[in-house]
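Because the structure is predicted, anything quoted here is derived from the model rather than measured. We count ligands from 1, going down the list as the structure has it; atoms in each ligand are counted the same way.
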Amino acid sequence: MSQTLTIIKPDAVGNGTAGRIIAQLESAGFTLRAARLMTMTPAQARSFYDVHRERPFYESLVAFMTSGPCIPMALEAPDAVRRLRQVIGATDPAEADPGTVRALYAESKERNAIHGSDSDENARREIGFFFPECDRVG
Ligand code: IDP
Ligand code: MG
């Protein structure tokens, strides 16, 4: 078993699709190991997306991610990082495979409903970012 970090982003929480997305993740075989509902501060969003600080969309992304509550969750499954990326689909919903979370629920390339860690190393870092009280969640 391995773990990954997802965030139901503020667009999905705001438009009432968070529950359906969580159900889809559970149906895809993920077990919830930690979850919280929070509104990120600008400092938290800047830090979480620090890898993108030079990108033209960075400030807009920070504004979006702090615009309302989101739901970070630690998920467990075999090959969790790769499988979550498959279930959520491409960053741009126009390019996401049919049936993926982003194809179903994303509004745009920025307001794309869900985050998924892109490597085991980043999954560990991101789980620690939102759940620092846990040596290992679950
Ligand atoms: P990912 O979430 O699919 O891993 P990243 O390239 O890591 O995509 O980008 C992080 C987030 O930044 C995306 O999920 C999306 O919300 C936003 N983003 C990425 N590229 C663009 C863009 O070209 N325009 C606007 N927002 C973007
Ligand atoms: Mg990414």
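For the pair R36 and F130, the cation does not sit on the ring face, since its NZ or CZ is not both under 6.0 Å from the ring centre and inside 45° of the axis.
For the side chain to side chain contact (heavy atoms under 4.5 Å, CB included) test with V13, the passing option among I21, I8, T39 is I8; the others fail.
Under a 3.5 Å cut-off, the side chain of Y58 and the backbone N or O of Y49 do not form any donor-acceptor pair. Listed for the R53 side chain is a donor-acceptor partner under 3.5 Å among the backbone atoms of D50. Remark: the backbone N or O of A80 is paired with a side-chain donor or acceptor of S2 at under 3.5 angstrom.
Looking at atom 2 (O) of ligand 1, its nearest protein heavy atom turns out to be R102 NH2, 3.0 Å. Looking at atom 3 (O) of ligand 1, its nearest protein heavy atom turns out to be T91 OG1, 2.5 Å. When only non-hydrogen protein atoms are considered, atom 16 (O) of ligand 1 lies nearest to E110 O, 2.8 Å. The nearest protein atom to atom 9 (O) of ligand 1, hydrogens excluded, is given as H52 NE2, 3.4 Å; this is a heavy-atom distance. In this structure, the protein non-hydrogen atom closest to atom 4 (O) of ligand 1 is R85 NH1, 2.9 Å.
For ligand 1, the atoms lying closer than 4.0 Å to a non-hydrogen atom of N112 are 13 (C), 14 (O), 15 (C), 16 (O).
Between D11 and F64 there is a side-chain heavy-atom pair separated by less than 4.5 Å.
The structure places CZ of R124 at 9.5 Å from CG of N122, a figure rounded to the nearest 0.5 Å.
For atom 19 (C) of ligand 1, the nearest non-hydrogen atom from the set Y58, F64, F57 comes from F57. Counting heavy atoms only, K9 comes closest to atom 14 (O) of ligand 1 of the residues M65, H115, K9, K109.
The shortest separation from a heavy atom of L61 to ligand 1 is under 4.0 Å, placing the residue in contact.
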